Amino acid sequence: AGGLDSILSIIESCEVTDRADDFNLCILAILLNLISLPAMVYHKSVIAEYAPKLIDVSKKRLLSAPDRALRDVRREHIEAIVKAVDNLSMRLVEKAEREKQSEIMKLEVALLCLNSSYMERRIQGIRDLN
């Protein structure tokens with residue numbers, strides 16, 4: 001009854017910051033996990049309507065996050081975002097296409113980390129590429 005709409009609007013409208021009391025990548029990871037974990041039991045019409053929107057907006061938020069927002073986020077949260085996107089696309093696309101999209105997103109995240117000015121993110125990017 002509007003729960004997915006509310007979460008989608010929060011993800012779309014809030015800018016990712018590095019402040020703990022604002023919308024950050026940790027909160028994005030938590031929201032996406034809340035949505036994606038029960039994705040297998042959603043009705044196919046719900047998945048068809050919301051999953052593409054959620055996937056697009058979460059990729060956009062992660063890949064356009066400012067460098068300062070990457071500084072304080074834990075590696076597990078970034079991986080949780082990637083995993084949540086994969087879970088949401090599970091019922092939308094075939095396995096081969098989903099694996100391809102997942103690998104592309106992992107490479108985009110690795111590039112984002114490599115371009116970061118923070119050493120920990122650069123190391124994470126190198127490990128992800130490895």
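Starting from 1, each residue takes its place in the sequence as its number. Note that the coordinates shown come from a computational prediction; the quantities given were computed from them, not determined experimentally.
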Above 12 or not: heavy atoms from other molecules or residues under 6.0 Å from CZ of R127? no
Give a yes or no on whether R74 atom CZ has more than 12 heavy-atom contacts from other residues, nucleotides or ligands under 6.0 Å away. no
Test item: [X] and [Y] side chains (from C-beta on) under 4.5 Å apart, heavy atoms:
| X | Y | value |
| --- | --- | --- |
| L112 | I78 | no |
| I81 | H77 | no |
| N24 | V73 | no |
| I7 | L32 | no |
| K100 | E97 | yes |
| Y50 | D5 | yes |
| L8 | L4 | no |

Between D128 and R75, does any NZ, NE, NH1 or NH2 come within less than 4.0 Å of an OD or OE carboxylate oxygen? yes
Between K83 and E79 (salt bridge meaning N to carboxylate O under 4.0 Å), is one present in this structure? no
I55/L92 under side-chain contact (heavy atoms from CB on, under 4.5 Å): CA gap, chis, key distance, verdict: CA-CA 11 Å; I55 291 169; L92 291 177; 4.0 Å; yes
Are M90 and N87 close enough, and set up right, to give a side-chain contact (heavy atoms from CB on, under 4.5 Å), and what steps lead you there? CA-CA 5 Å; M90 194 173 293; N87 284 345; 3.7 Å; yes
Reported [atom1]-to-[atom2] distance for the pair [X] and [Y], which is rounded to 0.5 angstrom:
| X | Y | atom1 | atom2 | value |
| --- | --- | --- | --- | --- |
| L129 | K106 | CG | NZ | 12.5 Å |
| I27 | I11 | CD1 | CD1 | 11.0 Å |
| D86 | M105 | CG | CE | 9.5 Å |

Check the pair D67, R71 against side-chain contact (heavy atoms from CB on, under 4.5 Å), reporting the backbone distance first and the verdict last. CA-CA 7 Å; D67 196 34; R71 176 185 59 200; over 6 Å; no
Under the side-chain contact (heavy atoms from CB on, under 4.5 Å) rule, what do R98 and E94 come out as? Steps first, then yes or no, please. CA-CA 6 Å; R98 191 180 79 244; E94 294 181 18; over 6 Å; no
